[in-house]
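Lettering of chains follows the sequences in order, A, B, ..., and the numbering in each one begins at 1. Just so it is clear, the structure is predicted and the values come from calculations on it, not from any experiment.
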2 protein chains.
Amino acid sequence: MATRTDAPTRREQILKEAARLFAERGFHGVGVDEIGAAVGISGPGLYRHFAGKDAMLAELLVGISGQLLTGAKRRLAEADGGGPGEVLDSLIEGHIDFALDDRPLITLHDRELDRLRDSDRKLVRQLQRQYVELWVDVVRKVYPALTEPTARSAVHSVFGLLNSTPHLGRPGSLPGRGATSELLHRMARGAFAAASSEA
Amino acid sequence: MATRTDAPTRREQILKEAARLFAERGFHGVGVDEIGAAVGISGPGLYRHFAGKDAMLAELLVGISGQLLTGAKRRLAEADGGGPGEVLDSLIEGHIDFALDDRPLITLHDRELDRLRDSDRKLVRQLQRQYVELWVDVVRKVYPALTEPTARSAVHSVFGLLNSTPHLGRPGSLPGRGATSELLHRMARGAFAAASSEA
DNA sequence: CCTTCAGGTTAACGACCGCTAACCTCCCTG
DNA sequence: CAGGGAGGTTAGCGGTCGTTAACCTGAAGG
């Protein structure tokens, strides 16, 4: 991934603001004029950069899913020397970083998927599924007692746990990013361990 | 709570279908005609039962928050003889039951709050806060090592975990309700325990 | 210096949507 | 058997919203 030191393009500004607004008020709750105003231009000016409102949402959601999957694959490759526990820790860390850095995107990720065109929705679903399966494989290596369907349920539930950051109040009310990250990490590991232990 | 054996009223039918549709496509994504069609009448007929579309959402969200809080208070009172661990188990069980039985409502609960009138939103937020504080108190009795802000973050995160049921696929793909409930329960306890353990 | 084009602008159209108005039809009750 | 209210219906109004059309402007390039 090229380190981006250059200023964000207009397209990127639009995507960022659109993500924030969609997350705050929902896709249908935000007008194109508002998105335009958020970047200093007016509504129809957006159409110089995107084919339509739907296209912005599609690019956002595909981007999120792809970014999550790509990051996970990279971490899997990088930590290949370590034990499975370290790989799982790396996956958890990556997901937490994403959830803390891009809260609006995390919110969108499981909220507005149905508004996509069929082809885009299928693509996003496929990327999501790959991401989940990647987690499931790692989790089952760390906790071999878990059956595959149970591991999948556990992974989804831990995603729910990690994605709870938007509900943790505005940054400042929570005890600092580092502490929050550590707390979430410990809880995720604890949840997996408990899922694996016999009833 | 009176045991309801009588048939659901038209109002209740409408609320149930509206909840399902709102959860599926978002508040702004559903038209009044669709809600009417879902109960066999046409759009404007709804206005014999509700002041408007907003009123349906308000009644749903206030109802959810109130139901959760009331149930939690009842469980707290009933299990007062037992240890704090049993009380926490009871709270977890109640929340899981609700999440499994009323998936659309759980989805709405943290998704459409901003569409409410100020007064309704304040009411819902107050009920939610009471519910959280009730959990925080119980959790801190079971895990005294937890500071209050940490316990609150942990509670929010466990809600995220328990509310993940809508993402677990349609009922049938998951290993049965009892097993799912037990898995979520174990994971929630494991997450709290891990939150409490030193880093 | 003229052209071109990227990236804006405002005006306006067409569709949709929440809601009201006006009307209809049972069913219950005095 | 009047009549009135509960619970529907359809027609239509008013506003909003996504999108397009038409036009403008400043900077780059030959």
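Aromatic ring centres of His167(A) and Phe159(B) lie farther apart than the 6.0 Å criterion allows.
Put simply, CZ on Phe27(A) is 11 Å from C1' on dC17(D), counting in whole angstrom units. Rounding to whole angstrom units, CZ of residue Arg10(A) and C1' of dG8(C) are separated by 9 Å. Separating the CG atom of Leu46(A) from the P atom of dC17(D) is a distance of 14 Å, rounded to the nearest angstrom. The NZ atom of Lys53(A) sits 11 Å away from the C1' atom of dT16(D) (whole-angstrom rounding). Taking atom OH of residue Tyr47(A) and atom P of nucleotide dG8(C), one finds them 15 Å apart after rounding to whole Å. The interatomic distance linking Ile14(B) (CD1) with dG8(D) (C1') rounds to 11 Å, in whole Å. Rounded to an integer number of Å, the gap from Arg11(B) CZ to dG7(D) P is 11 Å. The CD1 atom of Ile41(B) sits 10 Å away from the P atom of dG7(D) (whole-angstrom rounding).
Listed pair His49(A) / dA6(C) fails the phosphate criterion, with no side-chain N or O lying under 4.0 Å from OP1 or OP2. OP1 and OP2 of dT9(D) both lie 4.0 Å or more from every side-chain N or O belonging to Arg48(B). Between dC17(D) and His28(B), no contact under 4.0 Å exists linking OP1 or OP2 to a side-chain N or O.
Between the side chains of His109(A) and Asn163(A), no donor N or O sits under 3.5 Å from an acceptor N or O.
Here the closest heavy-atom approach between residue Ala194(B) and residue Gly190(A) is recorded as CB-CA, 3.6 Å.
Counting heavy atoms from C-beta outward, Arg189(B) and Leu184(B) have side chains that stay 4.5 Å or more apart.
If you check every strand for non-hydrogen atoms under 4.0 Å, Val39(B) touches nothing. Residue Gly43(A) is out of contact with every strand shown, counting any heavy-atom pair closer than 4.0 Å. Within the 4.0 angstrom heavy-atom criterion, base atoms lie near Gly45(B).
Residues Glu12(B) and Lys16(B) are not paired through a salt bridge, judged by the lack of any N-O separation under 4.0 Å between the basic side chain and the carboxylate.
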